[in-house]
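Following: one structure in structure tokens, then a few remarks.
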Amino acid sequence: MAYGYIGSMRTRPGRRDDVVAILLSAAGSLRELGCRSYVVGLAADDPDTIVVTEVWESKEHHDASLRSPGAKEAIAAAMPMLTGEFTSRETTVVGGLGV
């Protein structure tokens, strides 16, 4: 079974699109790191909240991806635009469309 991660982050007002651009720019290299699905969404009830849903080969693949130079660079660029309000949930992915 695959590893799933669902996280949300709140941006400073007016910075959501900048953070979305950073998140999407990193998406291209994730498949080679073991990512099966990476979806960036906007919360319908809050104009400053971004929700990211990920499916990975394993938790180890996910954790290793966060140590990659590209991820470290993206995180460093995005952090000043975030409020520090985060949520996260780990899941065991058992199936579904596109997985």
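Computed over heavy atoms, backbone and side chain alike; hydrogens, waters and symmetry mates excluded.
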**Request:** Please list all pairs passing the ring pair (Phe, Tyr, Trp, His ring centres under 6.0 Å) test where one or both residues lie in residues 21-47, with sequence neighbours left out.
**Result:** none
**Request:** Indicate yes or no: at least one non-hydrogen side-chain atom of Val52 is less than 4.5 angstrom from one of Glu54.
**Result:** yes
**Request:** Would you mind reporting whether Trp56 and Leu30 have side-chain heavy atoms less than 4.5 Å apart?
**Result:** yes
**Request:** Could you list all the side-chain hydrogen bond (donor to acceptor under 3.5 Å, both in side chains) pairs where at least one residue sits in residues 40-52, not counting sequence neighbours?
**Result:** Arg10-Asp46, Asp46-Thr49
**Complete:** For residues 20-36, the side-chain hydrogen bond (donor to acceptor under 3.5 Å, both in side chains) pairs (sequence neighbours left out) are Arg36-Glu57
Honestly curious: do [X] and [Y] fall in one hydrophobic cluster under the side-chain, below-4.5 Å linking rule?
| X | Y | result |
| --- | --- | --- |
| Val94 | Val39 | no |
| Leu23 | Leu33 | yes |
| Tyr5 | Leu42 | yes |

**Prompt:** How close do Ile6 and Val51 get, heavy atom to heavy atom, and via which atoms?
**Reply:** CG2-CG1, 4.3 Å
**Exercise: identify the closest heavy-atom pair between Met81 and Val19** = CB-CG2, 3.7 Å
**Under the side chain to side chain donor-acceptor pair (under 3.5 Å) test, residues paired with Ser37 that sit two or more places apart** = none
Would you give me the side-chain donor-acceptor pairs under 3.5 Å for residues 69-79, sequence neighbours excluded?
none

**Prompt:** Tell me the salt bridge (charged side-chain N to carboxylate O under 4.0 Å, His left out) pairs involving residues 12-21, sequence neighbours left out?
**Reply:** Arg15-Asp18
**Item:** Plane angle bin for Tyr3 and His62 - parallel if under 30°, tilted between 30 and 60°, otherwise perpendicular
**Value:** tilted
